[in-house]
Amino acid sequence: MADVGTTGVVFREPLIFERSRPGREGLRLPEAGVPATTDDRAGPDIPAVWRRTAPPRLPEVSEADVVRHFVRLSQWNFCVDSAMYPLGSCTMKYNPKVNEWAARLPGFARLHPRTPEHLAQGALELMWDLERRLCGICGFTRMTLQPSAGAQGELTGMLMVRAYHVDRGNPRKKVLIPDTAHGTNPASCALAGYSTVPVPSGPDGLVDPAAVAKLMDEDVAAIMVTNPNTLGLFETHIAEVAEIVHGKDGLLYGDGANLNALLGIARPGDFGVDVMQLNLHKTFSTPHGGGGPGSGPVGVGAKLEPYLPVPMVERNADGTFRLAADRPKSIGRMRSFYGNFGVLVRAYAYLLGHGPEDVRRIAELAILNANYLLARLRGTFHVAQDRHCMHECVLSDRDLHKETGISTMDVAKGLLDRGFHPPTVYFPLVVKGALMIEPTETESPETLDEFVAALEDIVAQAKTAPDELHHAPHHTRIGRADETRAARTPVLRYRFHE
Ligand SMILES: *Cc1c(COP(=O)(O)O)cnc(C)c1O
C-alpha cells in the first residue's frame, strides 16, 4: 500500500478570541477623510433598537495570528484537495482549478448585481449559453439558474408542479416518493404543501411500476424519482413509471443530484422526466460542503415552461441579452438577483473545458470506477444489490458486524486514520449499515487500489484488534466525537467569561 497515512504535524489551535490581546492590531487604517457619522445623525435611518450601544467585541490580533489561525484550522479539515472523498450521492469530485481562475476574473467576480443590462452583456450571455448547454445535456426546453442549492431547486420544481395543477383547476394533495429517496425530497414536498406517500422498492431495489400504478390517482400531483437511485442502480422501469403517472395527468419530478452517471449517455427529458434540478456544485465541479455556495438549476419540458421563475435571460433579435420578467404564470422569484453567479461561471468553464465527447467520458469513467470498486470489494463486504452499478455502489456491514462486532461507523472512522474521507454511511435507509461509495471519475486506478487496501486493512484489524477500531480515529485532530451531542447541543458561539 502506498504511503497515504495521516502522520505529520497537526497544530493545536485555540479560538481566535483566546489569542486576543488588548490593543494588538493587524491593520492600521488611515484617518477618515470625511466627517464621522454619529449614531445621532444616523438616527432617522437606523431605528434605536437596531443601533449598537457598545462597539462589537472582536478579537484583537495581528495579521500573522489571523493567517496562522485559519491555515491551522484548514489543516484539520479533510478536503477533496488533500485526498479521495468518496461521499455517495454527493459527488465530491476534484474541482479543476481553472474553474476558480474563471470565476475570479474581475469582469465576473466584481460585477455588481445591479449593473445595468447593457453593461452586463457578457454575464447574461454566459447564463444564456449555460442554460442551453445544460438543457442539451438533459433534454429539457428551458432551465432556471436561480436556485442556490439542490434542495431549493426541488422546492422550485415542486412549486411549478403545484402551479401547473392549480392552473388546470385541480391543485391535488399528494406526491409519491420511493423509499430510497434523499431526505430533502419529502421535505421539499411538505414545503410546497403536499403530503408524501412512500413507494416501496421492489426486491431488485428499483421502483416497481405495479406499486406506482396502485398508488397513482387523480389526487397525486407528481412522483419524485432519483435516477440512478441512491442504491446506485438505474431505474430501468422509469419510462413505464412515467407513462403510468402521465396517464393520470401527474408529473414526473427527477432528482438530478446523480446526473454524474448520465452525462452524455441518457437524457432525463427523453425518459419522461418533466422537471428536474441539477446540482452544479456536485456534477459540474464547484467546491462544496460545509454550507458553501451551491447552485440548483431546474430544467423543464414544454408543459412546465410557463411557470418558470422570473427573471429569465432572453436573447433579443439584435443578438444582445436581457432579463425578462414577462411570464404571467410564473411562480415568481426564488431568490435575490440571479442565483450564485460564481457557481454558474465554474460550471460553464467546466463544460467548455470538456466539450461534448469528454462530458460523456465523465459519466463513463465515474461508472467504471464505481464498478471497479464493487468488483474489488464484494469479497470483503456484503453487497446490498450485487449487480452492475452506476456511479456509486452500496456495501453493508452485515457480515462484518455479525463476525466481529465492527459497525459501519467504526469502518468510517478507521478510514480517516488511513487518509481517506469515509463514504456516506447509514444511507440509503433501506440497507442496514450502509456504506455508499462514490469514487467519481477523478480518482486514478492507483488511488482506488489504495482505498481498497485501506478497507481490507480495516477488516483485518476488525478481526485482530476490534477495540482499537471501536475507538478510531487515533491520528486526526479530534478523536471519536459524540455525534448525538454534536447534533443536539452544538456550541456555535463564543461566550466571554468575565
Ligand atoms: C445532495 C442531494 C440533494 C440536495 O442537494 P443540496 O444542494 O445539498 O441541497 C438532493 N437529492 C440528492 C439525491 C442529493 O444527493
Side-chain angles (χ1 to χ4, degrees), residues 138-141 150-231 233-258 267-277 298-308 329-331 428-430:
C138 298
F140 292 128
T141 56
Q152 202 194 11
E154 290 172 30
L155 176 62
T156 305
M158 291 317 294
L159 290 175
M160 281 193 262
V161 166
R162 170 168 288 281
Y164 170 86
H165 288 298
V166 167
D167 208 14
R168 296 166 82 85
N170 177 7
R172 306 197 172 193
K173 293 200 183 65
K174 299 181 290 188
V175 175
L176 306 183
I177 302 188
D179 55 8
T180 49
H182 195 268
T184 50
N185 290 182
S188 301
C189 289
L191 271 180
Y194 289 111
S195 61
T196 56
V197 180
V199 184
S201 314
D204 54 359
L206 301 176
V207 175
D208 176 9
V212 175
K214 233 166 81 190
L215 295 168
M216 189 64 209
D217 60 31
E218 250 87 48
D219 215 17
V220 172
I223 184 169
M224 224 171 172
V225 178
T226 311
N227 195 13
N229 67 23
T230 57
L231 285 163
L233 303 175
F234 189 80
E235 293 284 358
T236 44
H237 312 301
I238 191 72
E240 203 182 327
V241 168
E243 224 179 275
I244 294 166
V245 173
H246 289 154
K248 298 245 157 79
D249 197 24
L251 295 166
L252 176 51
Y253 186 102
D255 182 329
N258 289 345
R267 304 196 316 166
D270 295 344
F271 55 71
V273 173
D274 299 297
V275 48
M276 184 177 91
Q277 104 280 357
V298 180
V300 294
K303 267 190 227 171
L304 289 180
E305 243 194 69
Y307 312 102
L308 281 164
K329 293 187 172 178
S330 165
I331 59 165
L429 302 175
V430 292

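- Considering all non-hydrogen atoms of both residues, Pro428 and Leu231 come closest at CG-CD2, 3.8 Å.
- Of the candidates Leu159, Asp249, Val275, Tyr164 forms a side-chain contact (heavy atoms from CB on, under 4.5 Å) with just one, namely Asp249.
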For the pair Val175 and Val220, evaluate side-chain contact (heavy atoms from CB on, under 4.5 Å) and give the outcome as yes or no after the intermediate values.
CA-CA 6 Å; Val175 175; Val220 172; 6.0 Å; no

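- For the pair Leu251/His165, a side-chain contact is recorded, criterion being any heavy-atom separation below 4.5 Å from C-beta on.
- Contact of the Leu252 side chain with the Val225 side chain is registered, since non-hydrogen atoms from C-beta on lie closer than 4.5 Å.
- Taking CD of Gln277 as the reference point, atom OG1 of Thr184 lies at 7.0 Å (rounded to 0.5 Å).
- Inter-residue side-chain proximity for Val245 and Val212 is flagged as met; some heavy-atom pair is nearer than 4.5 Å.
- You'll find the side chain of Arg267 stays beyond 4.5 Å of the side chain of Cys138, heavy atoms only.
- For the pair Arg172 and Tyr194, the cation does not sit on the ring face, since its NZ or CZ is not both under 6.0 Å from the ring centre and inside 45° of the axis.
- Side chain of Arg162 to backbone of Gly193: a donor-acceptor contact under 3.5 angstrom is found.
- Residue Gly272 comes nearest to Ala242 through the heavy atom pair CA-CB, 4.0 Å, listed as atom of the first residue, atom of the second, then distance.
- Between the side chain of Thr226 and the backbone N or O of Gly254, no donor-acceptor pair lies under 3.5 Å.
- You'll find the side chain of Val166 reaches within 4.5 Å of the side chain of Pro171, heavy atoms only.
- Counted by atom type alone, Asp255 and Asn185 present one or more donor-acceptor pairs between their side chains at under 3.5 Å.
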Tabulate below the donor-acceptor pairs under 3.5 Å that side-chain atoms of residues 200-209 make, not counting sequence neighbours, or state none.
| from | atom 1 | to | atom 2 | distance (Å) |
| --- | --- | --- | --- | --- |
| Ser201 | OG | Asp179 | OD1 | 2.4 |
| Asp204 | OD1 | Leu206 | N | 3.1 |
| Asp208 | OD1 | Ala210 | N | 3.1 |

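- Across every non-hydrogen atom of Asp217 and Lys248, the tightest pair is CA-CD, 4.0 Å.
- Gly301 and Thr141 make their closest contact through C-OG1, 3.5 Å (heavy atoms, listed as atom of the first residue, atom of the second, distance).
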Check against salt bridge (Lys or Arg N to Asp or Glu O under 4.0 Å), Asp219 and Lys174
CA-CA 6 Å; Asp219 215 17; Lys174 299 181 290 188; 5.1 Å; no

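- Contact between Ser188 and Ala151 at its shortest, heavy atoms only, is OG-O, 3.7 Å.
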Where do Tyr307 and Val161 land on the side-chain contact (heavy atoms from CB on, under 4.5 Å) test, with the steps shown first?
CA-CA 9 Å; Tyr307 312 102; Val161 166; over 6 Å; no

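- Residues Met224 and Cys189 form a side-chain contact, since some pair of their non-hydrogen atoms from C-beta on lies under 4.5 Å apart.
- A side-chain donor-acceptor contact under 3.5 Å links Ser330 to the backbone of Leu308.
- Residues Ile177 and Pro198 form no side-chain contact, since every pair of their non-hydrogen atoms from C-beta on lies 4.5 Å or further apart.
- You'll find the side chain of Glu243 stays beyond 4.5 Å of the side chain of His237, heavy atoms only.
- To the nearest 0.5 Å, atoms CE (Met216) and NZ (Lys214) are separated by 15.5 Å.
- The closest side-chain donor-acceptor pair between Tyr253 and Glu154, if any, does not fall under 3.5 angstrom.
- Residues Ile244 and Ala213 approach most closely at CG2-CA, 3.8 Å, considering heavy atoms.
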Check the pair Phe271 / Ile238 against side-chain contact (heavy atoms from CB on, under 4.5 Å), numbers first and verdict last.
CA-CA 7 Å; Phe271 55 71; Ile238 191 72; 3.7 Å; yes

